[in-house]
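The block underneath contains the structure these notes are about, expressed in structure tokens.
Chain A is the first sequence line, chain B the second, and so forth, proteins listed ahead of strands; every chain is numbered from 1. Excluded from the calculations below are hydrogen atoms, water molecules and symmetry mates; all remaining heavy atoms, backbone and side chain alike, are included.
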Number of protein chains: 2
Amino acid sequence: MLETLGNKWVYLVVCALRRGRLRNGELARKLEGITPKMLTQTLRILERDGIVRREIFPVIPPRVEYELTELGQNLAGLLNQIRSWSEQHVPDIKDARARASMESQEDSVARG
Amino acid sequence: MLETLGNKWVYLVVCALRRGRLRNGELARKLEGITPKMLTQTLRILERDGIVRREIFPVIPPRVEYELTELGQNLAGLLNQIRSWSEQHVPDIKDARARASMESQEDSVARG
DNA sequence: CGGCATCCTAACGGATACTG
DNA sequence: CAGTATCCGTTAGGATGCCG
């Protein structure tokens with residue numbers, strides 16, 4: 001589960017689909033920087049896990065739409081919780097990191 | 001942030017430290033299967049981010065203890081939320097996966 | 001006991017080109 | 001437009017050995 005959550009694109013795709021169904025190309029544009037391969041791969045994972053539903057329209061040119069399932073929307077809620085926690089505490093983490101790098105600088109100076 | 005959460009060992013180390021401070025060796029035994037390298041690496045990340053506090057006792061043989069900071073305990077709370085969400089919904093995901101693999105089997109049969 | 005340095009491989013993510 | 005196949009560089013993670 002954590003593996004899934006930790007996946008960079010999983011988060012972004014779920015967020016992109018929060019406001020409604022989207023076509024493959026629309027997703028590709030929204031997630032600027034994602035390669036077709038990663039997009040498809042991510043969508044396959046999410047589809048397999050019942051988080052995203054895939055609908056194919058048998059027309060030419062091809063048309064495929066993706067949307068969150070109920071489970072997917074539920075997951076989006078969890079991701080929101082994580083996001084709000086982050087907004088609340090990431091400053092602390094940044095402070096800690098800044099302090100940590102300061103100390104290692106001091107160490108260097110002390111040694112030098 | 002999600003990268004940190006997605007890290008397998010981060011989760012396990014934080015959980016292991018939930019009930020109190022532990023020595024390096026105790027952690028190594030609790031997290032059966034972790035290599036010394038990964039344990040140290042994980043602890044360094046957590047220490048740098050202000051999630052874990054490291055206390056060194058200048059004795060022989062060396063003694064080092066780790067414990068969660070306030071921020072760390074807070075993070076443990078978030079991990080709990082994630083865990084309870086998982087317990088609630090992972091069965092759904094498993095069902096979805098089982099169904100998905102069933103269908104791919106049917107596909108094979110249909111092709112074969 | 002705690003921790004670091006080194007080496008190595010397996011896997012992941014990305015770029016590209018191609019198919020229906 | 002949607003999706004696949006192939007190649008490749010990077011890197012995460014594991015095994016090993018040495019030091020204070």
Side-chain angles (χ1 to χ4, degrees), chain A residues 1-14 16-17 20-49 52-67 100-101 103-104 107-108 110-111, chain B residues 1-14 16-17 20-49 51-67 100 103-104 107-108 110-111:
Chain A
M1 188 63 227
L2 288 162
E3 295 166 27
T4 308
L5 289 180
N7 188 318
K8 174 184 172 185
W9 296 117
V10 164
Y11 175 78
L12 293 171
V13 167
V14 170
L17 287 175
R21 46 168 51 201
L22 288 174
R23 300 182 58 178
N24 187 315
E26 293 170 330
L27 276 171
R29 274 184 294 280
K30 262 205 165 186
L31 308 177
E32 200 175 342
I34 195 172
T35 61
K37 174 186 165 182
M38 291 314 295
L39 178 55
T40 301
Q41 197 177 100
T42 306
L43 287 169
R44 289 294 172 281
I45 293 171
L46 295 176
E47 192 192 355
R48 183 200 56 170
D49 288 356
V52 157
R53 186 162 30 242
R54 178 168 173 241
E55 187 169 0
I56 309 167
F57 298 82
V59 297
I60 292 181
R63 179 185 184 89
V64 178
E65 290 184 356
Y66 296 93
E67 66 178 343
S101 66
E103 283 169 20
S104 53
D107 290 353
S108 302
R111 271 199 307 279
Chain B
M1 189 63 227
L2 287 162
E3 296 166 27
T4 308
L5 288 180
N7 188 318
K8 174 184 171 187
W9 296 117
V10 164
Y11 175 77
L12 293 173
V13 167
V14 171
L17 286 175
R21 47 168 48 202
L22 288 175
R23 301 182 57 176
N24 186 315
E26 293 169 333
L27 276 170
R29 275 185 292 280
K30 261 205 165 183
L31 308 177
E32 200 174 341
I34 195 173
T35 61
K37 175 185 165 184
M38 291 314 295
L39 179 55
T40 300
Q41 198 177 100
T42 306
L43 287 169
R44 287 296 171 279
I45 293 171
L46 295 176
E47 191 191 354
R48 183 201 55 173
D49 288 356
I51 296 184
V52 156
R53 186 164 28 243
R54 177 167 174 243
E55 186 169 2
I56 309 166
F57 297 82
V59 297
I60 292 182
R63 178 186 185 90
V64 178
E65 290 186 358
Y66 295 94
E67 66 179 341
E103 284 168 21
S104 54
D107 290 353
S108 303
R111 273 199 308 278

Of G33(A) and P62(A), the one whose closest DNA chain C nucleotide lies more 5'
G33(A)
If you walk 5' to 3' along DNA chain C, what is the first nucleotide with an atom under 4.0 Å of a heavy atom in chain A, and what is the last?
dG13(C) to dG20(C)
Answer yes or no: is there a side-chain heavy-atom contact under 4.5 Å between E3(A) and K8(B)?
no
Grab the CD1-P distance between I56(A) and dC1(D) for me, whole Å please.
18 Å
Answer yes or no: is there a side-chain heavy-atom contact under 4.5 Å between L43(A) and R54(A)?
no
So, applying side chain to side chain contact (heavy atoms under 4.5 Å, CB included) with T40(A), which one of M38(A), R44(A), K37(A) is it?
R44(A)
Could you list the protein-to-nucleotides 4-12 of chain D atom pairs, N/O on both sides, closer than 3.5 Å?
none

Figure out the CD/C1' separation between E26(A) and dA2(D), and round it to whole Å.
13 Å
In whole Å, I'd like the distance from the CD1 atom of I60(A) to the P atom of dG3(D).
15 Å
Does a side-chain heavy-atom distance below 4.5 Å link T42(A) with L12(A)?
no
Residue pair L5(A) / L5(B), side-chain heavy-atom distance below 4.5 Å
no
Measure the OG1-CD1 distance between T4(B) and I45(B) for me, rounded to the nearest 0.5 Å.
7.5 Å
For N7(B) and L43(A), find the nucleotide of DNA chain D closest to each by heavy atoms; which residue's nucleotide sits nearer the 5' end?
L43(A)
Pair L27(B)-L17(B), side chain to side chain contact (heavy atoms under 4.5 Å, CB included): steps then yes or no:
CA-CA 8 Å; L27(B) 276 170; L17(B) 286 175; 4.2 Å; yes
Establish, with yes or no, whether the OP1 or OP2 oxygen of dC1(D) is under 4.0 angstrom from a side-chain nitrogen or oxygen of R23(A).
no
To the nearest Å, how far apart are Y66(A) OH and dA2(D) C1'?
8 Å
To the nearest 0.5 Å, tell me how far R63(A) CZ sits from E55(A) CD.
9.5 Å
